[in-house]
Amino acid sequence: TRTQRKKGDWSLKDFEIGKPLGKGKFGRVYLAREVQSKYIVALKVIFKKQIEKYGIGHQLRRELEIQSNLGHPNILRLFGWFHDEERIFLILEYAHRGELYKLLRRNNFLSETQSATYIASLANALAYCHQKHVIHRDIKPENLLLDHQGQLKIADFGWSVQSEKKRRTMCGTLDYLAPELVEQRTYDYAVDNWTLGILCYEFLYGVPPFEAESQADTFRRIKEIDLNFPPAPLVSAEAKDLITKLLVKESSQRLSLQKIMEHPWIVKNADPTGTCKN
Ligand SMILES: Cc1cc(Cn2cc(-c3c(Cl)cnc4nc(-c5cn(C)nc5C)[nH]c34)cn2)no1
């Protein structure tokens with residue numbers, strides 16, 4: 001039947017295109033409905049000229065390979081793709097409540113329940129990615145969407161990489177690699193753990209922890225871990241404890257995803273359904 005169609009044989013005539021949902025450097029995303037099933041999707045349209053101009057063909061192929069093989073409740077599904085002469089179309093899951101970023105801006109900051117629920121969902125999704133050797137590397141509020149139940153969805157794997165774990169050991173013995181290069185492997189994974197610390201702080205305070213006037217100041221503050229917690233809004237000591245254990249310079253010392261999910265603040269505040277119905 002049509003629902004069992006192969007991934008590859010979609011075309012534009014299978015969809016009715018709705019309102020634009022967003023735009024990025026390489027294209028736009030539209031609301032769309034599959035004609036036969038009436039199923040609502042987000043259709044990402046990318047211009048081949050832009051891909052050639054910015055040389056991101058390999059990156060797009062990686063996004064397609066990675067995201068089409070990931071199946072997790074907190075990762076936006078890629079159902080398939082097709083192309084015509086000048087465009088490539090990605091058929092993506094539609095997140096009805098849009099960008100988490102907008103919710104954060106609208107509310108200034110989120111409650112401890114909401115923040116813990118989203119951090120738990122992210123840790124869950126990243127643990128799933130890491131066991132598939134995928135590192136997202138670009139987890140930020142703009143890449144986080146909310147579905148009709150308020151479930152968090154990580155979108156936009158354009159910047160993610162399939163960790164070279166296998167290839168690196170294949171291309172030569174580790175004997176000659178300096179510790180920091182061998183360490184590089186775990187470092188890659190731990191970059192997402194750092195980002196969870198940044199996001200947790202930003203959910204609770206409404207601003208990222210190392211924000212500064214100039215980029216140079218932000219880099220300095222990151223390098224020095226110049227972390228302080230404003231008196232308002234009032235945030236629990238457990239929340240600060242989790243943030244402090246993630247924003248650690250030495251990547252191998254950051255709290256693991258498993259330990260994040262077991263942290264007292266997460267256990268106490270995260271809504272297990274991931275939707276924090278309040
Ligand atoms: C190119 C380009 C633009 C973007 C950013 N982007 C992602 C979406 C998007 C996706 Cl992929 C899936 N579901 C969405 N739902 C919304 C949405 C819903 N509401 C009520 N408001 C918005 C916005 N946007 C979705 C749109 N743009 N990535 O690559």
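Ligands are counted one by one from 1 in listed order, and the atoms in each one are counted from 1 as well. Both backbone and side-chain heavy atoms feed into the values below; hydrogens, waters and symmetry mates do not.
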[atom] - nearest protein heavy atom and its distance:
atom: atom 29 (O) of ligand 1; value: Lys44 CE, 3.1 Å
atom: atom 20 (C) of ligand 1; value: His96 O, 3.1 Å
atom: atom 6 (N) of ligand 1; value: Val29 CG2, 3.9 Å
atom: atom 24 (N) of ligand 1; value: Leu21 CB, 3.8 Å
atom: atom 13 (N) of ligand 1; value: Ala95 N, 2.9 Å
atom: atom 9 (C) of ligand 1; value: Leu145 CD1, 3.9 Å
atom: atom 22 (C) of ligand 1; value: Gly98 CA, 3.7 Å

Regarding [X] and [Y], do their side chains bring together a donor and an acceptor under 3.5 Å, going by distance alone?
X: Ser256; Y: Gln258; result: no
X: Ser37; Y: Glu34; result: yes
X: Asn74; Y: Gln151; result: yes

Give the numbers and elements of all ligand 1 atoms closer than 4.0 Å to a heavy atom of [X].
X: Gly22; value: 26 (C), 27 (N)
X: Gly24; value: 1 (C), 2 (C), 3 (C)
X: Gly27; value: 1 (C)

Has [X] got any heavy atom lying under 4.0 angstrom from an atom of ligand 1?
X: Ala155; result: no
X: Tyr94; result: yes
X: Leu76; result: yes
X: Glu93; result: yes

Step through the shown structure and confirm whether more than 12 heavy atoms of other residues, nucleotides or ligands are within 6.0 Å of [atom1] on [X].
X: Glu224; atom1: CD; answer: yes
X: Phe219; atom1: CZ; answer: no
X: His96; atom1: NE2; answer: yes
X: Lys53; atom1: NZ; answer: no

Atom 26 (C) of ligand 1: protein heavy atom closer than 4.0 Å?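 Protein heavy atom within 4.0 Å of atom 26 (C) of ligand 1: present.
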I'd like to know if Glu52 pairs up with Lys49 as an ion pair, taking the criterion as any Lys NZ or Arg NE/NH1/NH2 lying under 4.0 Å from an Asp or Glu carboxylate oxygen.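 No, this pair does not count.
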Mutual orientation of the aromatic rings belonging to Phe203 and Tyr118 [parallel < 30°, tilted 30-60°, perpendicular > 60°]: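 The rings of Phe203 and Tyr118 stand perpendicular, inter-plane angle above 60°.
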Applying a 4.0 Å heavy-atom criterion (strictly less than), which segment of Ala42 is in contact with ligand 1: side chain, backbone, both, or neither? side chain
The single option from His83, Glu86, Glu85 that satisfies side chain to side chain donor-acceptor pair (under 3.5 Å) with Lys48 is His83
